[in-house]
Amino acid sequence: MAVEFRVLGDLDVRIGGRAVGIGHARQQCVLAALLVEPNRVVATGQLISRVWGEDVPDAAATTLRGYLSRLRRALAGAEDVRIVRRHPGYLLAVDPGCVDLHRFHELTEQARRTDDDATAISCLERALELWRGEAFAGLATPWLVAYRQTLDRQRLAAALDHNDIALRHGQHARLLPDVLALSSRYPWDERLAAQAMLALYRCGRQADALDRFHQLRRRLAAEVGTDPSPPLALLYQQILTADPVIAAPDGPPTGAAEPTGAGRPPLGRPGEARDAATMPRQLPASPGVFAGRTAQLARLDEQLGGAGHPEGGSPVVISSIGGGGGVGKTWLALRWAHANADRFPDGQLYVNLRGFDPTAQPVGWPAAVRGFLEALGVEPARVPAEPEAQASLYRTLVAGRRMLVVLDDARDAATVIPLLPGTPTSSVLVTSRRQLASLVTTHGARPLRLDVLPDGEAHELIVRQLGAARVAGQPDAVADILRFCGGLPLALGIVAARAALRPDLPLSSIAAELTTAASPLDALDGDEVTTNLRVVLSSSVAALPPAGAEVFTQLGLAPGPDISRAAAASLTARTPDELRPLLRELVDAHLVQEHVTGRYRMHDLVRVFAVERAAGDPAGSRSALCRLVDHHLHTAHTAALLLSPQRDPLSLPPAAPGVAAERLDDLAAALAWFTREHQVLLATIEYAGSNGLDAPTGQLSWTLATYFDRQGHWHDWATVARRAVESARRLGDRPAQAQAHRLLAGACSNLGWYEESHANLLAALDLFAALGDDEGRAHTHFDLSMLHDRRREPREALPHARQSLALYERVGSPLKQAVALNAIGWYHSQLGEHHDAITFCRRALTLSQQVGSAYGQANTWDSIGFAHHHLGQYEEAVDCFQQALTLFGEIGDRHAEGIVMDHLGDTWDAAGRTDAARDAWRRSLALFEELGHADSEAVRRKLAAGPNR
């Protein structure tokens with residue numbers, strides 16, 4: 001059935017015209033966070049930040065998965081709508097046309113693209129009719145509050161565009177009530193004030209129009225200390241003198257009549273130009289080739305669109321573009337400045353402050369001020385001698401003027417502050433490799449962080465530089481180039497320039513040069529210093545204090561996509577308090593990104609540079625990495641025992657000096673830590689296994705087994721278990737070999753690789769027998785019984801389960817006896833001996849309760865429920881399955897939840913409860929699909945076949 005998502009008001013979802021319940025407010029926020037970016041992956045960390053803001057609970061990732069699972073069920077009846085797990089987060093697959101927000105954007109964009117006023121006004125009216133109230137009404141996370149403000153500004157912009165067109169075509173009478181109502185909501189918007197004044201005047205209310213101007217002037221003088229803008233003052237004069245230029249035109253909007261400039265009111269547009277001698281135009285040329293950055297350009301429109309009447313008492317509207325070297329800050333600033341030059345009729349000032357120029361010293365603010373005075377027409381003889389007096393003269397000359405000041409490549413806020421105009425009629429655009437936090441704090445600057453280009457925009461940049469035909473003809477080579485450059489505009493520009501200078505050379509040859517260079521940075525060595533990526537990065541690092549540069553180098557060594565603050569402390573052998581300001585320095589310098597609170601990452605090419613620096617101290621680098629491995633191992637060991645307290649702990653050597661394991665207090669904290677560190681731990685095991693750290697390789701693999709099993713990450717489990725087998729063999733450690741074979745067998749069994757699983761279990765059994773390890777033999781016999789069960793061979797499974805029980809009784813392990821008893825009961829059920837099954841499973845349940853094993857109880861409740869189901873005791877079966885589901889939900893074993901939910905569906909089906917059965921199967925299928933498990937096909941067949949198959 002067709003689906004409709006409405007967010008321009010309260011969140012309203014309709015499937016087939018009927019309203020669908022989406023759950024509580026937090027769950028609605030999850031859907032909202034996905035709806036704003038349909039068909040695009042939203043990273044898990046970003047989703048969590050959007051839903052919880054800074055108050056992130058310890059088990060946020062687990063809670064988020066629960067919300068997503070319930071949203072899948074709520075949307076199950078919708079055609080072509082799916083919530084998909086895709087690294088590194090989740091994607092809502094949906095037609096954007098089903099979402100009123102995206103229809104609004106499409107309609108407003110159509111209106112801006114067309115030259116036909118009738119079409120434009122129709123699009124804008126349809127867009128504005130989609131609004132039912134405040135966007136996402138009733139939802140109040142920090143992200144949504146900020147996004148709602150953005151949408152409110154977009155709604156206002158659409159209304160103002162609509163009003164301009166309507167006024168051009170004499171629709172002032174129809175428009176007047178709406179304009180007056182809107183003006184009361186936005187009393188500071190001078191464009192809206194001009195529309196209200198013009199509509200009043202054309203409706204014969206000249207006095208009201210003039211009075212509205214006087215009210216605004218008094219408000220500006222009292223609260224901001226300024227006068228209305230020159231265009232608004234001009235309109236006032238035109239109304240006062242009944243200037244025929246602003247008389248109402250005849251006729252409705254039509255594409256046949258092209259409105260003339262004389263027929264348009266000066267709604268906030270630039271006034272008469274000043275004398276050219278005092279109107280500087282200092283902007284350098286706009287980038288010749290520019291692509292993407294649509295969102296950032298729109299953000300600058302929002303930030304700087306209020307020039308002349310800033311909110312909150314800020315002395316001047318300031319936007320600070322921050323980003324690492326080579327990320328395109330200057331290009332973005334110049335692109336926006338040129339596109340919006342007409343907003344600043346009194347001129348544009350520009351200075352390159354050379355804050356990170358490797359070839360020259362930074363430009364001090366006194367030198368920049370003198371350059372501005374010259375551009376403003378001040379004769380050298382009139383320039384005061386003292387820098388402070390020069391700055392005062394500069395502020396005097398720009399006071400009251402509508403100017404744009406571009407301060408490029410600022411090293412720090414201290415250089416910027418003396419260059420700020422003193423009145424709110426001008427705007428300032430600052431670029432820097434640092435965040436300039438004090439500029440935000442003390443002067444209300446609006447920060448805009450610039451990251452690498454997304455894949456689509458990076459591809460667009462290559463197309464614009466090399467031509468569509470050349471790019472389209474070699475898609476594989478282009479993909480290699482894009483992957484190599486990682487979205488860094490400087491890297492893309494260097495490679496594209498090289499290709500443009502050699503038009504006859506296939507792009508595949510250029511891609512090969514990049515990937516075979518001794519270092520990726522060698523392949524990005526431009527002809528000039530400013531286009532040499534290694535030099536650009538060197539200049540950024542040189543600006544750091546020595547301790548910051550050392551931490552930068554060490555962070556580049558860390559395996560994995562990112563690193564936590566706690567792990568970084570162990571890597572660098574610093575306390576968290578010592579490390580925190582150094583990390584802040586690196587983030588401010590845009591050499592490192594804090595992409596999630598407390599987690600840090602580098603661009604791949606920046607990391608290559610850090611690793612190059614580390615090559616000069618191989619012993620120090622290895623010590624740092626060994627500390628990091630120790631940190632992960634000791635923390636993972638604690639987490640593993642919280643996930644499964646009954647596991648026999650490892651005997652770990654003490655951690656190296658400078659290492660501090662993270663504190664994890666409960667199951668939820670352990671599961672959250674494993675979820676955060678999943679990819680990092682995989683990379684750490686790969687590093688350890690490849691660099692002679694064989695003992696930690698096997699130990700880390702052991703710590704991950706329970707987490708991987710419960711979360712369904714079986715391919716990852718198999719990968720690390722193979723590393724563990726190889727490492728144990730190199731060490732000659734037979735107990736470790738036996739355990740590693742068991743680990744690998746478990747992963748292979750879950751993946752359906754039964755022969756490989758069986759071979760590994762036999763190898764483990766031989767090793768345990770040779771070692772005289774009865775407990776190891778018991779574990780392995782139990783694993784063999786489980787393997788036969790997976791192969792639907794209960795008769796072969798039962799003897800192994802009995803053998804494991806006998807061995808567990810010999811070594812005195814009540815918990816393991818309970819596990820074996822439950823398995824024996826389960827196999828009796830598989831053989832149709834359900835009364836015997838319940839007898840064994842009740843014994844197992846008693847033991848599990850005595851030793852406090854939640855996992856053992858959950859498994860046993862499922863087994864008892866299965867037996868009751870086959871005895872036709874459906875009510876008892878349902879009770880058992882619900883007990884199991886509660887316990888598995890608390891434990892976080894999603895695979896087991898899917899199995900029990902499937903069993904519950906079978907019971908409801910047998911009891912004639914069709915709707916309940918289908919609901920249980922749908923929930924089971926959602927879990928299996930999220931895990932990518934083969935059992936999903938069997939459940940899908942049940943849903944397709946219908947009830948009582």
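Bear in mind that the values here come from a model prediction, so they are computed numbers and not experimental data.
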A.B. asks: From M786 CE over to L784 CG, what is the distance, rounded to the nearest 0.5 angstrom?
C.D. replies: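 Going from CE on M786 over to CG on L784, the span is 11.5 Å.
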
A.B. asks: If the threshold is 4.0 Å, N to carboxylate O, is there a salt bridge linking R565 and E662?
C.D. replies: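 No, no charged N to carboxylate O under 4.0 Å.
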
A.B. asks: Can you name the one residue among Q803, H800, R742, E775 that meets side chain to side chain contact (heavy atoms under 4.5 Å, CB included) with T780?
C.D. replies: R742

A.B. asks: Under 3.5 Å, side chain of R940 to main-chain N/O of L925, donor-acceptor pair present?
C.D. replies: no

A.B. asks: Taking all heavy atoms of A670 and all of A639, pick out the closest pair and write down the distance.
C.D. replies: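 Closest heavy-atom pair between A670 and A639: CB-O, 3.6 Å.
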
A.B. asks: Taking atom CZ as the centre, does R82 end up with more than 12 heavy-atom neighbours from other residues, nucleotides or ligands that are less than 6.0 angstrom away?
C.D. replies: no

A.B. asks: Just by distance, do the side chain of T675 and the backbone of L671 share a donor-acceptor pair under 3.5 Å?
C.D. replies: yes

A.B. asks: Apply the test ring-ring contact (aromatic ring centres under 6.0 Å, His included) to residues Y808 and H779: give CA-CA distance (whole Å), side-chain angles for both, the deciding distance (0.1 Å), then the verdict.
C.D. replies: CA-CA 9 Å; Y808 284 137; H779 294 333; 5.6 Å; yes

A.B. asks: Checking H632 now: which residues fulfil ring pair (Phe, Tyr, Trp, His ring centres under 6.0 Å) with it, not counting sequence neighbours?
C.D. replies: none

A.B. asks: Would you indicate whether the side-chain heavy atoms of L628 and P559 approach each other to under 4.5 Å?
C.D. replies: yes

A.B. asks: Side chains of H868 and E876: do they bring a donor and an acceptor to under 3.5 Å?
C.D. replies: no

A.B. asks: Without hydrogens or angle criteria, can the side chains of S727 and R723 be said to hold a donor-acceptor pair below 3.5 Å?
C.D. replies: no

A.B. asks: Between R627 and D630, is the closest basic N to carboxylate O distance under 4.0 Å?
C.D. replies: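 Looking at D630 and R627, the cut-off is not met.
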
A.B. asks: For a quick test of reading the model, state the closest non-hydrogen atom pair linking A844 to N822 and the distance between them.
C.D. replies: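 Result for this residue pair: CB-N, 3.5 Å.
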
A.B. asks: Take R647 and T706 through the side chain to side chain donor-acceptor pair (under 3.5 Å) test and state the conclusion after the steps.
C.D. replies: CA-CA 10 Å; R647 288 186 79 182; T706 301; 3.2 Å; yes

A.B. asks: Looking only at the aromatic ring of each residue, does the gap between the centers of W714 and H895 stay below 6.0 angstrom?
C.D. replies: yes

A.B. asks: Do V811 and L807 have side chains that approach each other closer than 4.5 Å (heavy atoms only, starting at C-beta)?
C.D. replies: no

A.B. asks: Would you mind checking if D665 and R663 are paired as a salt bridge, meaning a charged N to carboxylate O distance below 4.0 Å?
C.D. replies: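 Counted as a salt bridge, because a side-chain N and a carboxylate O are separated by less than 4.0 Å.
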
A.B. asks: Just so I know, are the side chains of V680 and T684 near enough to count as touching, which here means a heavy-atom distance under 4.5 Å?
C.D. replies: yes

A.B. asks: Answer yes or no: is there a donor N or O on one side and an acceptor on the other, between the side chain of S853 and the main chain of Q849, under 3.5 Å?
C.D. replies: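 Judged by distance alone, no pair lies under 3.5 Å.
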
A.B. asks: Which is it for L700 and V720 under the side-chain contact (heavy atoms from CB on, under 4.5 Å) test, yes or no, and what are the steps along the way?
C.D. replies: CA-CA 8 Å; L700 272 169; V720 301; over 6 Å; no

A.B. asks: So which heavy atom on Q699 is nearest to which on S651, and how close?
C.D. replies: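 Nearest heavy atoms, Q699 then S651: NE2-O, 4.3 Å.
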
A.B. asks: Would you name the heavy atoms of G556 and A610 that are closest together and state the gap between them?
C.D. replies: CA-CB, 3.7 Å

A.B. asks: Just verifying a value: how many Å separate L927 CG and D902 CG, rounded to the nearest 0.5 Å?
C.D. replies: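 L927 atom CG to D902 atom CG measures 11.0 Å (nearest 0.5 Å).
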
A.B. asks: Check for a donor-acceptor pair, side chain of T719 on one end and backbone N or O of H715 on the other, with a separation under 3.5 Å.
C.D. replies: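 Pair found, side chain donor or acceptor close to backbone of H715.
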
A.B. asks: Would a 4.5 Å heavy-atom cut-off, applied to side chains only, mark L744 and R722 as touching?
C.D. replies: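 Yes, side chains in contact.
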
A.B. asks: Regarding D709 and W717, do their side chains bring together a donor and an acceptor under 3.5 Å, going by distance alone?
C.D. replies: no

A.B. asks: Measure the spacing between CD1 of I685 and OG of S701 and express it to the nearest 0.5 Å.
C.D. replies: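 If I round to the nearest 0.5 Å, the distance is 4.0 Å.
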
A.B. asks: Does G66 offer a backbone N or O that forms a donor-acceptor pair with the side chain of S69 under 3.5 Å?
C.D. replies: no

A.B. asks: Using the six-membered ring wherever Trp is involved, compare the ring planes of H678 and H713 and label them parallel, tilted or perpendicular (cut-offs 30° and 60°).
C.D. replies: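 Aromatic pair H678/H713 classed perpendicular.
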
A.B. asks: Quick one: are V629 and L693 in side-chain contact, heavy atoms under 4.5 Å?
C.D. replies: yes

A.B. asks: Before you tell me yes or no, could you show the steps for R802 and L805 under side-chain contact (heavy atoms from CB on, under 4.5 Å), namely the whole-Å CA-CA distance, both residues' side-chain angles and the distance that decides it to 0.1 Å?
C.D. replies: CA-CA 5 Å; R802 292 186 185 279; L805 177 61; 5.6 Å; no

A.B. asks: Scan side-chain atoms only and decide if H869 and T907 contain a donor-acceptor pair under the 3.5 Å cut-off.
C.D. replies: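 A donor-acceptor contact under 3.5 Å links the two side chains.
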
A.B. asks: Kindly indicate, with the supporting measurements, whether the criterion side chain to side chain donor-acceptor pair (under 3.5 Å) is fulfilled by S749 and Y754.
C.D. replies: CA-CA 5 Å; S749 176; Y754 298 136; 6.0 Å; no

A.B. asks: Begin with the C-alpha distance, continue with both residues' side-chain angles, and end with the deciding distance and a verdict on side-chain contact (heavy atoms from CB on, under 4.5 Å) for F674 and L664.
C.D. replies: CA-CA 11 Å; F674 272 129; L664 304 172; over 6 Å; no

A.B. asks: When you measure from the centre of the six-membered ring of Y90, is the NZ or CZ of R85 closer than 6.0 Å and no more than 45° off the axis?
C.D. replies: yes

A.B. asks: Checking L885 against L904 for the side-chain contact (heavy atoms from CB on, under 4.5 Å) test, could you report, in this order, the C-alpha distance in whole Å, the side-chain angles of both residues, the deciding distance, and whether it holds?
C.D. replies: CA-CA 10 Å; L885 284 170; L904 180 60; 4.0 Å; yes

A.B. asks: So do the side chains of Q883 and T886 get within less than 4.5 Å of each other, counting heavy atoms only?
C.D. replies: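 When only atoms from C-beta onward are counted, T886 and Q883 do not touch, as no gap falls below 4.5 Å.
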
A.B. asks: Taking all non-hydrogen atoms of both residues, which atom of S570 and which atom of H631 are closest, and how far apart?
C.D. replies: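 For S570 versus H631, the nearest heavy atoms are OG-ND1, 3.2 Å.
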
A.B. asks: Any side-chain heavy atom of L798 sitting closer than 4.5 Å to one from H828?
C.D. replies: yes

A.B. asks: Can you say whether the rings of H834 and H870 are parallel (under 30°), tilted (30 to 60°) or perpendicular (over 60°)?
C.D. replies: parallel

A.B. asks: Would you call E726 and R729 a salt bridge, using N to O less than 4.0 angstrom?
C.D. replies: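 No, no charged N to carboxylate O under 4.0 Å.
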
A.B. asks: Using every non-hydrogen atom in the two residues, find where Q857 and G852 come nearest and quote the distance to one decimal.
C.D. replies: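 Closest approach of Q857 to G852, heavy atoms only: NE2-C, 4.3 Å.
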
A.B. asks: Taking the cut-offs as 6.0 angstrom to the six-membered ring centre and 45 degrees off its axis, would you call R941 and W921 a cation-pi pair?
C.D. replies: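 Judged by the rule (NZ or CZ under 6.0 Å from the ring centre, within 45° of its axis), R941 is not positioned above W921.
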
A.B. asks: Taking the six-membered ring for Trp, is the centroid-to-centroid distance between F881 and W861 below 6.0 Å?
C.D. replies: no

A.B. asks: Does R791 come within less than 4.0 Å of E755, counting only side-chain N to carboxylate O?
C.D. replies: yes

A.B. asks: Looking only at atom types and distance, does a side-chain atom of S757 sit under 3.5 Å from a main-chain N or O of A745, one as donor and one as acceptor?
C.D. replies: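 Yes; at least one donor-acceptor contact below 3.5 Å.
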
A.B. asks: For the atom pair CG (L643) and OG1 (T638), what is the distance rounded to the nearest 0.5 Å?
C.D. replies: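 Between L643 CG and T638 OG1, I get 12.0 Å after rounding to 0.5 Å.
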
A.B. asks: Roughly how far apart are Q737 CD and L771 CG, rounded to 0.5 Å?
C.D. replies: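 The CG atom of L771 is 9.5 Å from CD of Q737, to the nearest 0.5 Å.
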
A.B. asks: Ignoring hydrogens and geometry beyond distance, is a side-chain donor-acceptor pair present between R790 and N750 at under 3.5 Å?
C.D. replies: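 Result is yes, a qualifying pair exists.
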
A.B. asks: State whether the side chain of N691 and the backbone N or O of Y687 hold a donor-acceptor pair below 3.5 Å, judged by distance alone.
C.D. replies: yes

A.B. asks: Taking only Lys NZ, Arg NE, NH1 and NH2, and the carboxylate oxygens of Asp or Glu, determine whether E937 and K942 approach each other closer than 4.0 Å.
C.D. replies: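 Between K942 and E937 there is no salt bridge, as every charged N stays at least 4.0 Å from the carboxylate O atoms.
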
A.B. asks: Please lay out, stage by stage, how Y855 and F888 fare under the test ring-ring contact (aromatic ring centres under 6.0 Å, His included).
C.D. replies: CA-CA 7 Å; Y855 197 81; F888 279 132; 5.7 Å; yes

A.B. asks: For residues N859 and S863, determine if any side-chain heavy atom of one lies less than 4.5 Å from a side-chain heavy atom of the other.
C.D. replies: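 No - every pair of side-chain heavy atoms lies 4.5 Å or more apart.
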
A.B. asks: Please round to the nearest 0.5 Å and tell me the distance separating atom CD of Q554 and atom CG of L579.
C.D. replies: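 Output value for this atom pair is 9.5 Å.
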
A.B. asks: Within a 6.0 Å radius of atom CZ on R86, are there more than 12 heavy atoms belonging to other residues, nucleotides or ligands?
C.D. replies: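 Open.
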
